[in-house]
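Report on the following structure.
Remember, predicted model here, so these are calculated numbers, not experimental data. These numbers come from the heavy atoms of this one structure, side chains and all, not from hydrogens, waters or symmetry mates.
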Amino acid sequence: MKKLLFAGLLGTIITAGAAFPMMAQADEASDNAAVENRKMLMDGIGGAMGTLGCYMKGECTLPDPVLANLAKGIAFSAGAAPAAFEPQTPDASVKTTASADIWTNWDDFSGRFPEMQQAALALADAVGDKGAMGAAMGNLGKSCKGCHDEFRTK
């Protein structure tokens with residue numbers, strides 16, 4: 001199980017790192033690549049949140065270092081997200097749930113990631129105390145939901 005969790009976390013980190021070299025070119029192939037990178041970045045965050053949720057609900061057991069690394073992976077991804085979303089992708093044909101409001105309200109959108117990053121780091125710091133983790137997980141979840149409510153299409 002440790003190998004599986006390590007592989008998942010490593011995949012999240014690699015995916016997040018892949019978002020950095022994207023260049024803003026207005027053509028379908030590069031726009032599609034940018035959208036795919038963003039989707040993988042956000043899916044990595046969602047996967048980590050799901051795994052943390054499994055632990056918090058008592059549906060799985062995970063060692064503290066894995067829990068901390070999942071939270072730190074979310075924090076890392078939150079730091080990478082603004083650069084991944086910065087290029088507008090008008091020529092993308094890849095289906096996405098990202099709202100065009102991201103780019104028309106860029107300061108609001110990009111300004112949410114530091115809060116998410118801090119909430120994820122607070123969760124990492126709370127590992128070992130399930131009560132404190134619950135409160136930190138709630139704050140992180142509110143950060144995610146707030147952004148999804150504003151900048152994600154249904």
- Query: For Lys130, does the NZ atom sit with more than 12 other heavy atoms under 6.0 Å from it, leaving out its own atoms?
  - Reply: yes
Measure the [atom1]-[atom2] distance between [X] and [Y] for me, rounded to the nearest 0.5 Å.
| X | Y | atom1 | atom2 | result |
| --- | --- | --- | --- | --- |
| Gln118 | Asp125 | CD | CG | 9.5 Å |
| Met49 | Met137 | CE | CE | 4.0 Å |
| Ser77 | Lys72 | OG | NZ | 14.0 Å |
| Leu140 | Cys144 | CG | SG | 4.5 Å |
| Asn32 | Thr96 | CG | OG1 | 10.5 Å |
| Thr153 | Asp101 | OG1 | CG | 10.0 Å |

- Item | Hydrophobic cluster membership, Leu121 vs Leu52, 4.5 Å side-chain cutoff | no
- Task: Would you kindly confirm whether Met40 and Val35 end up in one hydrophobic cluster when ILVMFWY residues are joined by side chain heavy atoms under 4.5 Å apart?
- Result: no
- Message: Please determine whether side chain to side chain contact (heavy atoms under 4.5 Å, CB included) holds for the pair Thr61 and Tyr55, giving the CA-CA distance in whole Å, both sets of side-chain angles, and the decisive distance to 0.1 Å.
- Response: CA-CA 6 Å; Thr61 58; Tyr55 172 81; 5.5 Å; no
I'd like to know if the side chain of [X] reaches the main chain of [Y], judged simply by a donor and an acceptor atom lying under 3.5 Å from each other, with no hydrogens or angles considered.
| X | Y | value |
| --- | --- | --- |
| Asn105 | Asp108 | no |
| Gln117 | Ala75 | yes |
| Asp91 | Asp31 | no |

So which heavy atom on [X] is nearest to which on [Y], and how close?
| X | Y | answer |
| --- | --- | --- |
| Pro114 | Ser110 | CD-O, 3.5 Å |
| Lys39 | Val94 | NZ-CG1, 3.9 Å |
| Ala124 | Ala68 | CB-O, 3.9 Å |

- Sequence neighbours excluded - salt bridge (Lys or Arg N to Asp or Glu O under 4.0 Å) pairs with any residue from residues 55-66: none
- Message: In terms of relative ring orientation, are Phe109 and Phe113 parallel, tilted or perpendicular, with 30° and 60° separating the classes?
- Response: perpendicular
Beyond-backbone contact of [X] with [Y], side-chain heavy atoms, under 4.5 angstrom:
| X | Y | value |
| --- | --- | --- |
| Met116 | Ile45 | yes |
| Trp103 | Glu86 | no |
| Ile102 | Gln88 | no |
| Thr97 | His148 | no |
| Arg38 | Thr89 | yes |

